[in-house]
Every structure is written in structure tokens, then in C-alpha cells.
Amino acid sequence: MVKFEEMQNNDVYKNLLNGKWIESNSNKLIEVKAPHDGSFLGKIQAMTKEEVDEAFSNAKETFKTWKNSNLSERADILHKAAKILEDNAKFIAEILTKEVSKDYKSSYSEVVRTADFIRYTAEEAKRLRGETLYGDAFEGSAKNKMSIVTREPLGVVLSIAPFNYPINLSASKIAPALMAGNVVLFKPPTQGAISALYLIEAFRAAGIPNGVLNTVTGRGSEIGDYLITHKDVDMINFTGSSDVGRHIASIAGMVPMIMELGGKDAAIVLEDADLEDTAKNIVSGAFSYSGQRCTAVKRVLVLESVADRLAQLVSEELKKIKVGMPFDEGVTVTPLIDNKSADFVQGLIDDAIEKGAKLIIGNKREANLVYPTLFDNVTLDMRIAWEEPFGPVLPIIRVKTVEEAIEISNNSEYGLQSAVFTNNIDKAFSVAQSLEVGTVHINNKTQRGPDHFPFLGVKSSGMGTQGIRYSIEAMSRPKAIVVNFNTKF
Ligand code: NAP
Ligand code: G3P
């Protein structure tokens, strides 16, 4: 077991700089409290601009050696970090549960899933060495040319993670970036920072060389722009809301970027779907972690002929869901990350009721605990038809034809994922091909996993592609060395 005491002093969590946990000179501390009961969890530091400069310049300097390290050496460190995470899974899952109000079972599985992710990344990177291209493969080109194409790291990758998966979505940036030979400057979400810093300690304890992984804590609204526009940023890997993503893109300049942003994933239900199974998928897809997943099912588009039956089945499934506190056994819906988020969700609910949606279940709230809410007969003038709630509310929109479902789905500003439920494989493919999203799931809920599949959003849902191999490729660039043979002796 790793001893975590160096990371903090009197509940003040430090930042990792050049291999050491350090305290900021800012004297500006941000309190982190548990969203479900307001209990104090610790303080993180708002770092100064000078400290950010130091973290960048240390990373930049370290890049010179890390980029030349052996892949097997990098992979060994990642395997050790994965083991440390796994050995401490219960401890870290408890902190995660408190910090982001995620039910304990999901928190634990996030930690274990992340350890698997890190291991797979270590192995996958070994296979991605580059390729050799031959000149004579191109029409009219020379036989005496050969290009050796290697993959080069980009430099300092600024990684910024959101609150909802502070372990998984941090590691899914850090591990591929490191394996590609980059160094990482990591900014955790403020709510979620403590959990994420434990992940960083796993990398440190695993032997990551000094300066290869540095952290910067502080509020994104205060330090974010300074980080994004810093002269030493070579790449930005960001996950968060579309609004912040757009803002970052507007100020970043010519820096390569990956963005994983918001979504409004549709579950499209055709007449011949297995409705019992579909209802189960919709409920777990929409309400796990209280709907605070980018990949949550966020609207149902159902053919009128089966809409009554589906609405009934979804509502029956929904009644089985347990609402409560994150450590309660078997709980699914827990308090949202903060009151502001609950207010936003309530605003969507109020708007739908005002405009005549049929409330099947829900519209109950205690502080930031919003009970699962299901609406039928949602129409396109309602905010809930288009906006991402990031909370436990689901609209059912009835459609007359499959074409109408596709049109509504594609009219969204988002394009993360969709699901189509049908027993007709031809229709499934046809719908899947028409949808403007990164991924379509046939007969299952929208979801990111498994983590080696390509994961991407189009339109306001993001840019660039993640997924283990894709992330390594996105955080590296090809370099060609052309060998010209002299064929005359
Ligand atoms: P958020 O408010 O956009 O914050 C995300 C991260 O950006 C946090 O670390 C935040 O720091 C930081 N940040 C804020 N302003 C910044 C700025 N000006 N410059 C640089 N960084 C800045 O998002 P969230 O509420 O944490 O997460 C929920 C959103 O993320 C949802 O919209 C969800 O759909 C999306 N998401 C997408 C995916 C995906 O894979 N597509 C996955 C998960 C979540 P602070 O915490 O300090 O404010
Ligand atoms: O929202 C982040 C993403 O990692 C969720 O993963 O597989 O639960 O959809 P998954």
C-alpha cells in the first residue's frame, strides 16, 4: 500500500512539481466539500501565475529526456501505477464517492476500470511504432525511395478534466500522452481535484520521472485562460462542457486540440424493438450517476405505435431505481454535484410542465437531490427537447416516422452518440448511417466503454478522437525520414 501522507498537510492538498508535492505561495485555498452532506473534505490550492510558469518550464525541460526514454520503461511505470490504483481502489473510491457524490459501486468500478485502461494503454503503445512506405507504390514514382514514418510526441500536453469522472477521464488523457512520449501538465476539476490528485500520486509512486507529470490546481474561471494561452502549451486535451470548450478553442490559437464536450444522445426506438429490454437500457443509460454522464441517454425518440407501451415500461423500470445518498446500498440517483446544477435541471422541468409535457414521474427535489423525472409527449418547443440537463430527467418525444426521428436527432447542436433499438438489422444500419454522431449503439444504451473503441463527438460535442489507440495517435505526430537509394554501383 502506498502512503499518501506527503500529498497533503493539515488537509491542504499540494501540487506535484518536479517529483515533489509542494505548497503554493498564493495563500489562496479552495475548500472542497461533499455535495451530498456539505462535509469538509479538504482544501486545494489556487496556484499563482508564477507557479504555473514554473510547472510549464519544468515540464518543457523534462520533455528533452522523456521523449527519448524507452517504451518498455514507460510501460513499466504505467503497469506499476495501475497496480497501485487497484491496490488502493477501496480507499480512493471512498474519496471519489464523497467528492463527486457518485454511488460507491460506480466509484469503485471507475477506479478499477481506470487501472485496466492504464494497462491496456501501456501495451497498445508498444504496437504503435510507425510504418515504412515504399516509393514505387505510388503511380509513376521512384523505386529508389522509401519513407520511414515514426511517431513523435508533441511536447507539453495540457490535460484538463471534468468533475464527473475525475479518475477515469484524467487517466484517459495522462496515460496515452505519457506513452506517446509527451510530458503532461494536468489541471483537475476543482470538485474532483482531491480524487484526481490521488491518481497522480499513483503515477508518482510508480516512479514517473520528476517533471514528466506536474499538476496545477485552481479554478478554471481564474487560471484557465492563463493555462490555455501559455507559450509552453504544445497540445490541449480537454473534457468538459461545450461552452467552456468553445471558449478555449476561441483563445487557444494554433495549438492541436482534442475536445470531449457535451451531448444530447438520443435513443431511437422503432416498432419492432424488444421493448422490455429497450426500457431497461434507457433507464440505466439515462439515470446512472444521476444522468451526469456525457454519454447518458438524454432523449427518447419513439414511434407513435409503440410509444404508450414504451412509456409504461420505462416508468415501471424507473420506479425500481433507488434514490438516496452515495454510500447507500444499491443507490443510483444521488444528489447532483451542486445546487446550481439542480436549479438548472429544475428550470428544464418547469419549462416542460409549463409548455404542456405530460409528467409521468418525478418533479421532486430536496436541495441538490433531484428525483428521477420522466416526461412523455415532449414537443420541440420545450428546452428539454434540446438542452443537455446533466441530471436525472428524461424526455420522451413521439414521432410518426423513422425519418422524423433521424431529422430531430440530427437537428441537435450536439453529436456525441445515439442508440437505435430494433430487431431489423437493415433498419438498424440504415438509421445508424444517417445519424450525425460519433458512435451509434445498436440495441444498447449509449456509452463510452469499452475504452479502446474510438470515442468522439461531432458538432458541439467535440473534436478529435479518443480511445486508447486513437488517443496515442492524436497526441503524437508522424515524422517521415525519406531514404533515397543509389541504384547505380
Ligand atoms: P466544465 O465546467 O466545462 O469544466 C471542465 C474543466 O474545465 C474543469 O476542470 C474546469 O475547472 C475547467 N475550466 C473551466 N473554465 C476553464 C477555462 N476558462 N479554461 C480552462 N479550463 C477551464 O465541465 P464540468 O461541469 O466539469 O463537466 C460537465 C460537462 O462535461 C458536461 O457538459 C458533459 O457532457 C461534459 N463531458 C463530456 C465528456 C465527453 O467525453 N464528451 C465526458 C465527460 C463530461 P474548474 O473545475 O476549476 O471549474
Ligand atoms: O462521461 C464519461 C465517460 O467516460 C462515461 O463512460 O462508458 O460510462 O459511458 P461510460
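Read the numbers this way: they start at 1 and go in the same order the structure lists the ligands and their atoms.
Counting non-hydrogen atoms of neighbouring residues, nucleotides and ligands closer than 6.0 angstrom, the CD atom of E473 exceeds 12 such neighbours.
Among all non-hydrogen protein atoms, the one lying nearest atom 19 (N) of ligand 1 is G224 CA, 3.2 Å. Nearest non-hydrogen protein atom to atom 5 (C) of ligand 1 is T239 O, 3.7 Å. Shortest contact from atom 46 (O) of ligand 1 to any protein heavy atom: T190 N, 2.8 Å. Here the heavy atom of the protein found nearest to atom 23 (O) of ligand 1 is S241 N, 3.4 Å. Of the protein's heavy atoms, R448 CD, 3.2 Å lies nearest to atom 4 (O) of ligand 2. Protein heavy atom closest to atom 1 (O) of ligand 2, with residue, atom name and distance, is C294 SG, 2.8 Å. Summary of contacts: the protein heavy atom closest to atom 10 (C) of ligand 1 is K187 NZ, 4.2 Å. For atom 35 (C) of ligand 1, the closest non-hydrogen atom of the protein is G240 O, 3.1 Å. Here the protein heavy atom with the shortest distance to atom 28 (C) of ligand 1 is F390 CE2, 3.6 Å. The single protein non-hydrogen atom nearest to atom 27 (O) of ligand 1 is P162 CB, 3.5 Å, given as residue, atom name and distance.
Every atom of ligand 1 is numbered from 1 in the order shown, and the set under 4.0 Å from a heavy atom of G218 is 47 (O). Near N164, the atoms of ligand 1 lying under 4.0 angstrom from a non-hydrogen atom of the residue are 43 (C), 44 (C). Here is the list of ligand 2 atoms found below 4.0 Å of a heavy atom in N164: 1 (O). Ligand-side atoms of ligand 1 in range of F455: 39 (C), 40 (O), range being under 4.0 angstrom from any heavy atom. Less than 4.0 angstrom separates some heavy atom of R219 from each of these atoms of ligand 1: 47 (O). Close approach of ligand 2 to Q447 is summarised as follows: ligand atoms under 4.0 Å from at least one heavy atom of the residue are 9 (O). For ligand 1, the atoms closer than 4.0 angstrom to any heavy atom of E388 are 31 (C), 32 (O), 33 (C), 34 (O). Numbered from 1 in the order shown, with element, the atoms of ligand 1 that lie under 4.0 Å from a heavy atom of H247 read 18 (N).
Neither the backbone nor the side chain of T446 comes within 4.0 Å of ligand 2, counting heavy atoms alone. Using a 4.0 Å cut-off between heavy atoms, I337 makes no contact with ligand 1 at all. The side chain of I160, and not its backbone, has at least one atom closer than 4.0 Å to an atom of ligand 1 (non-hydrogen atoms only; side chain from C-beta on). Counting heavy atoms closer than 4.0 Å to ligand 1, residue A161 contributes backbone atoms (N, CA, C, O) but none from C-beta onward.
No cation-pi contact links K264 to Y414, judged by a cut-off of 6.0 Å to the six-membered ring centre and 45° from its axis. Both the sub-6.0 Å distance and the 45° axial angle are not jointly satisfied by K33 relative to the ring of F40.
Contact record, K49 with I223: CG-CD1, 4.5 Å, taken as the closest heavy-atom pair. In terms of heavy atoms, I77 sits closest to F203 at CG2-O, 4.5 Å. In terms of heavy atoms, A405 sits closest to L301 at O-CD1, 3.4 Å. Between G240 and F238 the shortest heavy-atom distance is N-CE2, 3.5 Å.
The side-chain heavy atoms of D234 and K60, taken from C-beta on, include a pair separated by under 4.5 Å. For the pair T97 and T334, the minimum side-chain heavy-atom distance is 4.5 Å or more. Contact annotation: the side chain of N237 never approaches that of L158 to less than 4.5 Å [non-hydrogen atoms, C-beta and beyond].
Taking a cutoff of 4.0 Å between a charged side-chain nitrogen and a carboxylate oxygen, E23 and K43 do not qualify as a salt bridge. With respect to E387 and R299, no salt bridge is recorded, no charged nitrogen being found less than 4.0 Å from a carboxylate O.
The closest approach between F238 and ligand 1 falls below 4.0 Å for a heavy atom of the residue. Under a 4.0 Å heavy-atom criterion, L227 is not in contact with ligand 1. At least one heavy atom of R113 lies less than 4.0 angstrom from ligand 2.
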Check: Which is it for E222 and K28 under the salt bridge (Lys or Arg N to Asp or Glu O under 4.0 Å) test, yes or no, and what are the steps along the way?
Finding: CA-CA 12 Å; E222 288 168 15; K28 216 173 142 191; 3.1 Å; yes
Check: For T465 and F455, what are the C-alpha separation, side-chain angles and deciding distance, and is it a side chain to side chain contact (heavy atoms under 4.5 Å, CB included)?
Finding: CA-CA 6 Å; T465 306; F455 181 65; 5.9 Å; no
Notebook entry, point to check: Which is it for R448 and E260 under the salt bridge (Lys or Arg N to Asp or Glu O under 4.0 Å) test, yes or no, and what are the steps along the way?
Noted result: CA-CA 11 Å; R448 181 183 181 131; E260 301 179 333; 3.1 Å; yes
Check: What's the verdict on salt bridge (Lys or Arg N to Asp or Glu O under 4.0 Å) for D274 and K280, showing C-alpha distance, side-chain angles and the deciding distance?
Finding: CA-CA 10 Å; D274 174 339; K280 284 192 175 78; over 6 Å; no
Check: Hey, mind stepping through F91 and Y198 against ring pair (Phe, Tyr, Trp, His ring centres under 6.0 Å) and telling me if it holds?
Finding: CA-CA 10 Å; F91 173 75; Y198 279 96; 5.5 Å; yes
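Polar contact with ligand 1: absent for L169 (N/O pair, distance under 3.5 Å). An N or O contact shorter than 3.5 Å links D225 to ligand 1 by distance. Polar contact check, L261 against ligand 1: a nitrogen or oxygen pair lies under 3.5 Å apart. At least one N/O-N/O distance between T295 and ligand 2 falls below 3.5 Å. Residue-to-ligand polar distances place G449 within reach of ligand 2: an N/O pair is separated by less than 3.5 Å.
In this structure, Q191 contributes its side chain and V32 its backbone to no donor-acceptor pair below 3.5 Å.
Considering only non-hydrogen atoms, atom 42 (C) of ligand 1 lies nearest to C294 out of P389, G192, C294.
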